[in-house]
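Letters A, B, ... mirror the listed sequences (proteins, then strands); counts begin at 1.
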Amino acid sequence: MAKKLGIQSTRASNYQDWYPEVVAAADLAENSEVKGCMVIKPWGYALWENVQRVLDGMFKDTGHSNAYFPLFIPLSYFEKEAAHVDGFAKECAVVTHHRLEERDGKLVPAGPLAEPLVVRPTSETIIGASFAKWVQSYRDLPLLINQWANVVRWEMRTRLFLRTAEFLWQEGHTAHATAEEAVEETMKMLGVYATFAEDYMAMPVIQGEKTIGERFPGAVQTFCIEAMMQDRKALQAGTSHFLGQNFAKASGIQFLDDKNTLTHAWTTSWGVSTRLIGAMIMTHADDDGMICPPRLAPKQVVIMPVVRKPEDRERVMTYCKALKVELEKQRFAGGEDRLRVELDARDIGGGDKKWEWVRKGVPIRIEVGPRDIDGDVAMVARRDKQADKPVSMPRAELVAGIGAMLDDIQASMFARAKAFRAEHTRVIDTKEEFYAYFESPRTKNPNDPTPIHGGFAMTHFNGDPALETKIKEDLKVTVRCIPLEAGEPGTCPFTGQPSAKRVVWAKSY
RNA sequence: CGGGGCGUAGCGCAGCCUGGUAGCGCACUUGGUUCGGGACCAAGGAGUCGCAGGUUCAAAUCCUGUCGCCCCGACCA
């Protein structure tokens, strides 16, 4: 008999269905009645809150302050940066009225606005308007601001967490007196993202620069962290942009430098979004559901009392409550992280309860019943190992070792993701091999989802945007980034021209 | 916006070809038996068959339109 899994679809047989099933089974989010928008449920939002809390600390440690700017951007602000308009105009939601009136029993918009308001798809222009007022002198710089907000991008096709019409994010916006300092900031924040992704999300990333075609509209340089999902596609998990003086000129951010010269500031912007939740799912979840990395898990440990007879109830509960208190005193991640422990005393079937936590991806499950109490032991199951095979552990050993166990789970999840990426990354030196690597396997029905194939290709590239476009048309493969780390010069296999280093090619989300 | 598919109980689906007044599994409620675990038995509640027209004595079923969702493209964090 086939093993019964936590969810219906598997990654191998039907990745397209597997992803939303994990989201539903883990109770992370659901589609709302509003097309393209999602409802983030408590378990999913708790993950986001942990992302926020950690990143917010990292931003403050690097000298940034939080502020908040309007949801609405006057159309005229938006028009000031031409490339920016090109990039975002097609996906803007626009507010044109400020009142509803009843006509023939129906409410209709009335009171047209003199100037339409764009619902922010990103806030460079509205924040720039404030920065222009705040900056007079080089002594006002650098200006290091972050905002936690929602933004709206009217997308054609949406997927929970990965691409929704409205999403939550943070956007850092900074202004500097020199280009060097702005570039340094851009790279520093990219590094913050990479550290967060690898140390907290247990998701290996490649730091790199985007090609011209993939650059943020209006930026001079765009940098990113790219991760490989379990269908071997690349997911851009965070971006950091060096905006040069483009937005400073558009918004009039000017200052007098120490030589009394009126100069435009150099700005940066950087952001990550609720897409990170999708990244965690597609990096770690398996055919039984979600697996939360311990450092971001809403709960790292769930204690499930096993109460067979009513007369055992009080004894078991007392023991479990004491165990919870003891476990909560423990630390992991070098003493930085405290334990979040759930005592699930709900009166539902033990099997149902267990599978619910498996699907939600709690890293460690502990079952305690009368027999365990007699022996002062507990049944312990690690979500990253076999999901349904708990092992007996002495209580003292469990309490003393729980931190190390969480560290081990965090480390093994990262190692597994890294091994997966390595397994599906290929160094390619010929055009033929490149095309064969990415060619979609044929399916009987052209409407079937494409089977999982390809991966990351490390290939030399002469940097020609027209060539990149051609390859995108042929294979739907693009340069995900030009890695920051040092590489060897070589020959572009498509043109025979020299190439400074290998770049990462992949299909992407 | 192009090509394909699908809308039937909370969820997953059958029924549609060959019209006759709605069914299955899971979930839910109640009772009982089990139980270191995704249990079993019995009884029960729950659906204007996406919506609007049309054909017909009769429409979930046939026809037309429309809305929504999914997949494959184009667009994208």
Side-chain angles (χ1 to χ4, degrees), chain A residues 1 3-9 14-17 19-21 24-25 30-31 33-36 86-92 121-122 151-159 161-171 193 210 213-217 222 224-227 234-241 269-279 288-289 304-309 312 316 344 347-359 365 367-375 377-379 381 387-388 390 392 440 443 445-450 472-473 476 478 480 508-509:
Chain A
M1 195 173 130
K3 190 190 165 216
K4 207 168 173 184
L5 300 168
I7 54 176
Q8 290 185 359
S9 300
N14 197 341
Y15 196 91
Q16 299 283 1
D17 289 344
Y19 176 77
E21 279 178 30
E30 62 193 20
N31 277 311
E33 300 299 304
V34 183
K35 190 180 174 177
D86 282 349
F88 286 107
K90 279 175 284 184
E91 49 192 62
C92 280
T122 178
V151 287
V152 169
R153 295 182 188 177
W154 215 263
E155 300 287 354
M156 298 285 198
R157 281 175 68 179
T158 58
R159 292 187 91 187
F161 290 117
L162 298 173
R163 178 166 295 107
T164 46
E166 178 190 11
F167 56 93
L168 307 183
W169 78 345
Q170 62 64 220
E171 46 182 326
Y193 289 154
K210 285 291 188 192
E214 299 279 320
R215 193 177 283 162
F216 177 76
T222 286
C224 61
I225 52 172
E226 293 282 333
L235 184 79
Q236 181 174 312
T239 48
S240 187
H241 315 290
S269 70
W270 28 275
V272 297
S273 72
T274 36
R275 170 178 264 198
L276 291 183
I277 311 293
D288 283 318
M304 290 176 280
V306 179
V307 181
R308 291 284 128 234
K309 293 172 243 162
D312 288 335
V316 173
D344 186 358
D347 184 24
I348 56 172
D352 289 344
K353 193 186 279 189
K354 178 184 89 174
W355 280 99
E356 185 180 314
W357 292 113
V358 168
R359 287 189 291 260
R365 299 190 315 281
E367 297 169 15
V368 179
R371 285 218 297 269
D372 302 309
I373 297 172
D374 293 340
V377 297
M379 298 297 285
D388 50 358
S392 180
S440 298
T443 54
N445 183 338
N447 289 314
D448 281 347
T450 311
K472 186 178 181 180
E473 282 168 7
K476 294 167 213 151
T478 48
R480 298 326 303 156
S508 74
Y509 275 91

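Taking the nucleotide of RNA chain B with the nearest heavy atom to each of A:Ile7 and A:Lys476, the more 5' of the two is matched to A:Ile7. Ranked by how close their nearest RNA chain B nucleotide is to the 5' end, A:Val307 and A:Gly238 are led by A:Val307.
Contact annotation for A:Gln236: backbone-only contact, meaning every heavy-atom pair under 4.0 Å involves sugar-phosphate atoms and none involves a base. Here A:Ser392 lies out of heavy-atom contact (under 4.0 Å) with every strand. A:Lys353 comes within 4.0 angstrom of nothing in the nucleic acid, heavy atoms only. Residue A:Thr239 is out of contact with every strand shown, counting any heavy-atom pair closer than 4.0 Å. Among the atoms of the strands shown, none is found under 4.0 Å from any heavy atom of A:Leu235.
Shown here, B:rG38 forms no base pair; nothing in the strands shown gives a Watson-Crick or G-U wobble contact with both key distances under 3.5 Å. The pairing partner recorded for B:rA27 is none, the criterion being a Watson-Crick or G-U wobble arrangement whose two distances lie under 3.5 angstrom. Pair assignment for B:rG68 gives B:rC6, based on Watson-Crick or G-U wobble hydrogen-bonding distances that are each under 3.5 Å. The partner of B:rA22, taking Watson-Crick or G-U wobble pairs whose two distances both stay under 3.5 Å, does not exist in any strand shown.
Distance CG/A:Asp372 to CE/A:Met379: 7.0 Å, rounded to 0.5 Å. Once rounded to the nearest 0.5 Å, the distance linking OH of A:Tyr15 with CD of A:Glu21 reads 13.0 Å.
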Distances for protein N or O near nucleotides 34-36 of chain B N or O, under 3.5 Å:
unit_1	atom_1	unit_2	atom_2	d
B:rC35	O2	A:Arg308	NH1	2.7
B:rG36	N7	A:Arg371	NH1	3.4
B:rG36	O6	A:Pro370	N	3.4
B:rG36	O6	A:Arg371	N	2.5
B:rG36	N1	A:Asp372	OD2	2.7
B:rG36	N2	A:Asp372	OD2	2.4

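Remark: A:Thr274 pairs with no residue by the side chain to side chain donor-acceptor pair (under 3.5 Å) rule, at least two apart or across chains.
In this structure, the side chain of A:Glu30 does not engage the main chain of A:Ala24 through any donor-acceptor pair within 3.5 Å. For the pair A:Arg275 (side chain) and A:Gln236 (backbone), a donor-acceptor distance under 3.5 Å is present.
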Report task. Verify side-chain contact (heavy atoms from CB on, under 4.5 Å) between A:Thr164 and A:Glu155, making sure each step is shown before the conclusion. Result -> CA-CA 7 Å; A:Thr164 46; A:Glu155 300 287 354; over 6 Å; no
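In this structure, the nucleotide among B:rC75, B:rG38, B:rC70 sitting nearest to the side chain of A:Asn31 is B:rC70. Minimum atom distance to the side chain of A:Arg359 is reached by B:rG38, of the listed B:rA77, B:rG38, B:rG73.
Using cut-offs of 30° and 60° on the angle between ring planes, the pair A:Tyr193 and A:Trp270 is perpendicular.
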